[in-house]
Amino acid sequence: MSATLETLLEPVKVLAANGPLGQEVESLQFDSRKVKRGDVFIAIRGTQVDGHDYIASAVEKGAAAIVAEVLPETLPDHLASVQVADSAKALGEMASLFYGEPSKQLKLVGVTGTNGKTTTVTLLHELFLKLGYKAGLLSTVRNKIGETPLPATHTTPDALSVQALLREMVDAGCDYAFMEVSSHAAHQRRIAGLDFDGAVFTNITHDHLDYHKTFKAYIEAKKMFFDMLPDTAFALVNVDDRRGEVMLQNTLAKRYTYSLRSMANFRAKLLDNSVTGLQLLMDEQEVFSRLIGDFNAYNLLAVYSVAVLLGQDRMETLTALSELGAVDGRFETIVTPGKSYIGIVDYAHTPDALEKVLQTIDQLRQRDSRVITVVGCGGDRDKTKRPVMAKTACALSDQVILTSDNPRSEDPEAILEDMWKGVPKDATRKVLTIVNRREAIRTAAALAQGTDIVLIAGKGHEKYQEIKGERLPFDDKAELEGALKDKS
């Protein structure tokens, strides 16, 4: 792709510009290490690194233009220099034009919220494939163009990567694209330059306070997504979460609501919730789903609502909806042949998500079943939720094993000490601390008897454990399957 610098700057709020703006742009870069001769370097202020500190390096590597919020006092005469109000936003807007505005050439729907994002976008992608469309997916678990998987590294890729991915989707013939929109992505302007046809809000609970610092700031970051929507888009929110209505304040988009408990544009009634799946009354039709738990009832209702808002036939959608399966690492059940105990792997890594999973298990278990929960907390993340996670696990489990999650640069024993502070005094006898996650999972499996249920929470779909800068192979599902199989 190529265009002139002047053309790429058309949607950008430019404060000052000098030099040859009519030059052809061969590539945009915000990482100075990737700059090649003739590239445009856009200096972004990141959470760890400020791109403005690397302008000189980009110039040395042959950058033809610099876009920044603050420009150096001196730059070579042959160089184009552009001062902008917000360089992160400028990157998204320029990238959109550079890749030919791909988000305007397909129906793009973003899903935000603390829990349910991955499941909702994955189910939407699978639904539209079943309905006969070619669709793209951008999620935590994986990116896909049609049925072809691509690696995913962040909940929402950087602005350059997402535009490049959308371009690939358009070129491959995709009609729709469904993507997770994290609070980080909204706050860091990683979704700038995207033309959304719809936005979904699932819920909001305690998470990411290591980044946002306050719950209010976290809510506002989510709301930024809805505030940027055009009047041609729809905004769909879960009004059973009291902050759903907050997301609709000030948005220009057409407003819609969904609910299991309140008056809303889209409603469903949960008829049955068992270990085999959900029975729902949706749009006056009974629908069975293999997904488990009332939280999945919300996810399915959101998916159905989006399909209707995108103009799909209601009965065809309900039929296809009943054929959808579970998402990797989201309440995945493991039943060992010949054994009565059940294993469950779930990505629950917030107190609210853990509570919902354990409440669902409580509804499903037999009277004499015990619940054995293995749970940890990630390092270099919000420390305030650590004792809450342990307290939640203790309140709804018969046996708890506190263990490592992704300790990253932190001492895993220090993380467990933080978690232990949330263990009630009357629950200490049912809590074990095992730093090694593999050992913790095998211990939980060994403890299971009769119709007990073993929950491994926190990592879900992840196939690694991040320790001291290394990503070591680790798969909760494979570990639990092996441990349960080895039981005699």
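Scanning both residues, Val454 and Ala448, for their nearest heavy atoms gives CG2-CB, 3.8 Å. Of all non-hydrogen atoms in Leu301 and Ser259, the two that sit nearest each other are CD2-O, 3.4 Å. Shortest non-hydrogen contact noted between Ile204 and Thr114 is CA-OG1, 3.2 Å.
Defined by atom type and a distance below 3.5 Å, a donor-acceptor pair is present between the side-chain atoms of Thr118 and Arg330. Thr350 and Asp352 share no side-chain donor-acceptor pair at under 3.5 Å. For the residue pair Tyr347 and Glu332, no side-chain donor N or O sits within less than 3.5 Å of a side-chain acceptor on the partner. In this structure, a donor-acceptor pair under 3.5 Å is absent between the side chains of Asp241 and Asn238. There is a side-chain donor-acceptor pair under 3.5 Å between Glu462 and Asn406.
With ring centers used as reference points, Tyr304 lies 6.0 Å or more from Tyr258.
Considering only heavy atoms from C-beta on, Met179 stays 4.5 Å or farther from Ser139 through its side chain.
The main-chain N or O of Glu323 is found under 3.5 Å from a side-chain atom of Arg290 such that the two form a donor-acceptor pair.
Within 6.0 Å of atom NZ in Lys463, more than 12 heavy atoms from other residues, nucleotides or ligands are found, so the atom counts as buried in its surroundings. The environment of Lys223 atom NZ is dense: over 12 non-hydrogen atoms of other residues, nucleotides or ligands sit within 6.0 angstrom. Around NZ of Lys134, the count of heavy atoms belonging to other residues, nucleotides or ligands within 6.0 Å exceeds 12.
Note on Lys356 versus Asp294: no salt bridge recorded, every NZ/NE/NH1/NH2 to OD/OE distance being 4.0 Å or above. With respect to the salt-bridge test (charged N to carboxylate O, under 4.0 angstrom), the residues Arg370 and Asp452 qualify. Salt bridge present: Asp418 and Arg386 bring a charged side-chain N and a carboxylate O closer than 4.0 Å. Salt-bridge annotation for Arg365 and Asp398: present, with a side-chain N of the basic residue lying under 4.0 Å from a carboxylate O of the acidic one.
Under the 30°/60° scheme for interplanar angles, the aromatic rings of Phe201 and Phe226 are found to stand perpendicular. Phe225 and Phe196 have perpendicular rings, their planes meeting at more than 60° on a 0 to 90° scale where under 30° would count as parallel. Ring orientation note: the planes of Phe128 and Tyr133 are tilted relative to one another, at an angle of 30° to 60°.
The distance from the CG atom of Leu480 to the CD1 atom of Ile441 is 6.5 Å, given to the nearest 0.5 Å. Tyr341 OH to Ile372 CD1: the interatomic distance, rounded to the nearest 0.5 Å, is 10.5 Å. Atom CD1 of Ile456 sits about 10.0 Å away from atom CD of Glu479, to the nearest 0.5 Å. The distance from the CG atom of Leu91 to the CD atom of Gln188 is 11.5 Å, given to the nearest 0.5 Å.
Sorted by first and then second residue, the pairs that involve residues 298-316 and meet salt bridge (Lys or Arg N to Asp or Glu O under 4.0 Å), not counting sequence neighbours, are Asp283-Arg314.
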Quiz: residues 271-281 side-chain donor-acceptor pairs under 3.5 angstrom, not counting sequence neighbours:
residue	atom	partner	partner atom	Å
Asn273	OD1	Gly293	N	3.2
Asn273	ND2	Gln363	OE1	2.8
Ser274	OG	Thr276	N	3.2
Ser274	OG	Thr276	OG1	2.8
Gln279	NE2	Glu286	OE1	3.2

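Note that Lys459 lies in the cation-pi zone of Tyr464, set by a 6.0 Å cut-off to the ring centre and a 45° limit from the axis.
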Carefully, step by step, assess Tyr298 and Asp240 under the rule side chain to side chain donor-acceptor pair (under 3.5 Å). CA-CA 10 Å; Tyr298 279 102; Asp240 287 346; 2.6 Å; yes

